[in-house]
K.L.:
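If you scroll down you'll find the structure; I have some questions about it.
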2 protein chains.
Amino acid sequence: MQSYSKKVSMTVVKRLPKYYQYLSDLSDRDVEKISSKELANMMGLTASQIRQDLNSFGAYGQQGYGYKVEELKDAIRDILGLNQPYNCVIIGSGNLGRAISHYERFKNEGIHIKAMFDVDHGRVGKTVGKIPVYHMDDLEQFVKENEINICILCVPREVGQEIANRICKIGIKAILNFVPLDLTVPEDVVVENVNITDSLFTLTFLLSEK
Amino acid sequence: MQSYSKKVSMTVVKRLPKYYQYLSDLSDRDVEKISSKELANMMGLTASQIRQDLNSFGAYGQQGYGYKVEELKDAIRDILGLNQPYNCVIIGSGNLGRAISHYERFKNEGIHIKAMFDVDHGRVGKTVGKIPVYHMDDLEQFVKENEINICILCVPREVGQEIANRICKIGIKAILNFVPLDLTVPEDVVVENVNITDSLFTLTFLLSEK
DNA sequence: TAGATTGTTAATCGATTAACAATC
DNA sequence: TAGATTGTTAATCGATTAACAATC
């Protein structure tokens, strides 16, 4: 496991998943080495930026050669925290929750979705793929018994904050939040928002600009 | 309709949907005026930043008073291009496509989802909510006959680029892309990516940092 | 008028790009 | 050794913060 000391800026962190994706693809195609220039062309960045980014966490290539794909990929995977497994629950078994439960990539990277929760008795007791759907009443107990550390929140806006409160109370420290709401959480809980409507509005802006 | 001349930076544009959300909520609660300071507190920004942002497109408040919520909300709505309606198709009627077809907010803002397309004969011919699901073979004709200007892409990675090519060929100029792939499109086509896996990896980074 | 808050300029900070010596 | 490409420093650019005069 590669260790790194320097602080990685959030700007760089936001680019890391993309680096990881490209390096994984290169690795799958058995490409062994890549230069910052080649990678920049592929990703639409500058070579300079890539070298700065990679240096910000100390990953190093070889002068006159480039970067070893496998090595760099593994270094970035470690920095993203993907060198350890995570246990995850999805709250809300609607279409969005179900869509996410099918993401193959999650399981491949050691992110295991253990259960889904819902209040709809028509859904509770069934399974989605191989994932069981339980009633919200059983959330607290399940989280404690299964060492859950990530919660994916796919509930209606009206109950978003309320459920976030419950989640934080049980000790979950990370929320992937699909609710279009800025959740208020204790400062030791990290939240990453996915706001599909915001993305659409950015798109209409770009479209109407032309 | 408010007109604006200065160029708005992408950094600001990415914040506009959030401003719009907060101002809509204030408006719903019949709040008439807001100061940059109050809004900053609510949104977790600085008052200075808010004033700079709003000034970058010429929206103005009143010195000594603040901003009129309704007026500012409408100005931002116009800048986001939401003063005109859009016709939209969703490609891929899996869980993700279906989830998005249920977003009430889209319709409220004049973004009309006219149809969904799929290759699965088990899905074609049915409806999702009130939205019909057609076969991909009928895509070209439907787009032409219904003045579609936005496409929401929810297909498997393997066929993402191929379908993007088809979309661009018919003349659609905007794609909301859920496929974890950097699409190659003509330069007059705008693409906004939503990458759920990338968001999750940002989350695991933040979680493992602690 | 006095108080509040904007619009706007200046100062600071951080991110990107350019350049090049180090070195494989 | 010559060529390539990194790591890293310096220069530039852009975004955020601070400060304050303008003015409602």
Side-chain angles (χ1 to χ4, degrees), chain A residues 2-19 22-23 26 31-76 79 202 205, chain B residues 2-19 22-23 26 31-76 79 202 205:
Chain A
Q2 178 101 10
S3 81
Y4 60 101
S5 47
K6 302 177 204 167
K7 53 272 151 231
V8 187
S9 84
M10 207 53 203
T11 324
V12 175
V13 170
K14 289 280 179 188
R15 276 195 291 266
L16 289 183
K18 200 178 170 194
Y19 282 120
Y22 273 85
L23 289 164
L26 286 166
V31 177
E32 281 188 8
K33 71 141 213 164
I34 187 107
S35 69
S36 57
K37 197 177 165 189
E38 292 168 306
L39 194 56
N41 285 141
M42 291 173 63
M43 295 182 65
L45 303 172
T46 65
S48 211
Q49 189 174 28
I50 287 181
R51 291 204 299 279
Q52 290 279 22
D53 281 2
L54 300 186
N55 259 76
S56 78
F57 53 81
Y60 45 87
Q62 282 171 254
Q63 278 158 324
Y65 175 83
Y67 298 87
K68 286 183 185 164
V69 169
E70 203 62 22
E71 204 175 290
L72 187 55
K73 190 195 76 167
D74 289 347
I76 292 177
I79 290 162
T202 303
F205 169 86
Chain B
Q2 177 103 8
S3 79
Y4 60 101
S5 47
K6 303 177 203 165
K7 53 273 152 232
V8 187
S9 84
M10 206 55 205
T11 323
V12 175
V13 170
K14 291 280 181 186
R15 274 193 292 265
L16 289 183
K18 200 180 170 193
Y19 283 120
Y22 273 86
L23 289 164
L26 286 167
V31 176
E32 282 187 8
K33 72 141 213 165
I34 186 109
S35 69
S36 56
K37 196 177 165 190
E38 290 169 307
L39 195 54
N41 283 143
M42 290 174 66
M43 295 181 65
L45 302 174
T46 66
S48 209
Q49 187 174 28
I50 286 183
R51 292 204 299 279
Q52 290 279 21
D53 281 1
L54 300 185
N55 259 75
S56 77
F57 54 82
Y60 45 88
Q62 281 170 255
Q63 278 157 324
Y65 176 84
Y67 299 87
K68 286 182 183 164
V69 169
E70 203 63 21
E71 204 175 290
L72 187 55
K73 188 195 76 168
D74 289 348
I76 292 177
I79 291 163
T202 303
F205 170 86

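Numbered from 1 within each chain, the chains take letters A, B, ... in sequence-line order.
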K.L.:
Atom CG of B:L72 and atom P of C:dT5: how far apart are they, to the nearest Å?
P.N.:
16 Å
K.L.:
Can you tell me how far P of D:dT5 sits from CD of A:E38, to the nearest Å?
P.N.:
7 Å
K.L.:
Can you tell me the distance, in whole Å, between the CD1 atom of A:I34 and the P atom of D:dT6?
P.N.:
10 Å
K.L.:
Considering every strand shown, what is the Watson-Crick or G-U wobble mate of D:dG14 when both distances are under 3.5 Å?
P.N.:
C:dC13
K.L.:
Does A:K37, at its NZ atom, have more than 12 non-hydrogen atoms belonging to other residues, nucleotides or ligands within less than 6.0 Å?
P.N.:
no
K.L.:
Tell me the interatomic distance from A:Q63, atom CD, to C:dC24, atom C1', rounded to whole angstroms.
P.N.:
7 Å
K.L.:
Quick check for you: among D:dT8, C:dA15, C:dG7, whose closest atom lies nearest to any side-chain atom of B:N55?
P.N.:
C:dG7
K.L.:
Is there a side-chain contact between B:R51 and the phosphate of C:dG7, meaning an N or O under 4.0 Å from OP1 or OP2?
P.N.:
no
K.L.:
Minimum heavy-atom separation for A:D53 to A:R15, with atom names?
P.N.:
OD2-NE, 2.8 Å
K.L.:
If C:dC24 has a Watson-Crick or G-U wobble mate with both distances under 3.5 Å, name it; if not, just say none.
P.N.:
D:dG3
K.L.:
Determine the minimum heavy-atom distance between B:F205 and A:I79, stating which atoms define it.
P.N.:
CD1-O, 3.1 Å
K.L.:
Nearest whole Å is fine: how far is C:dA15 P from A:K14 NZ?
P.N.:
14 Å
K.L.:
Would you say a side-chain N or O of A:S35 is under 4.0 Å from OP1 or OP2 of D:dA4?
P.N.:
no
K.L.:
For the pair made of CD in B:Q52 and P in C:dT12, what is the distance, rounded to whole Å?
P.N.:
16 Å
K.L.:
So what does A:S48 hit on the nucleic acid, given a heavy-atom distance under 4.0 Å: a base, only sugar-phosphate, or nothing?
P.N.:
base
K.L.:
Give the rounded distance in Å between these two atoms: OH of B:Y65 and C1' of C:dA4.
P.N.:
13 Å
K.L.:
Atom CD of B:Q49 to atom P of C:dG7: distance rounded to whole Å?
P.N.:
16 Å
K.L.:
Strictly below 4.0 Å: does A:Y67 bring a side-chain N or O up to OP1 or OP2 of D:dG7?
P.N.:
yes
K.L.:
What are the two closest heavy atoms between A:M43 and A:K18, and how far apart are they?
P.N.:
O-NZ, 3.3 Å
K.L.:
Within this structure, what is the CG-OH distance for the pair A:L23 and A:Y67, rounded to the nearest 0.5 Å?
P.N.:
11.0 Å
K.L.:
Give a yes/no answer on whether the side chain of A:Q62 brings an N or O atom under 4.0 Å of OP1 or OP2 in D:dT6.
P.N.:
no
K.L.:
Is any side-chain nitrogen or oxygen of A:T46 closer than 4.0 Å to OP1 or OP2 of C:dT16?
P.N.:
no
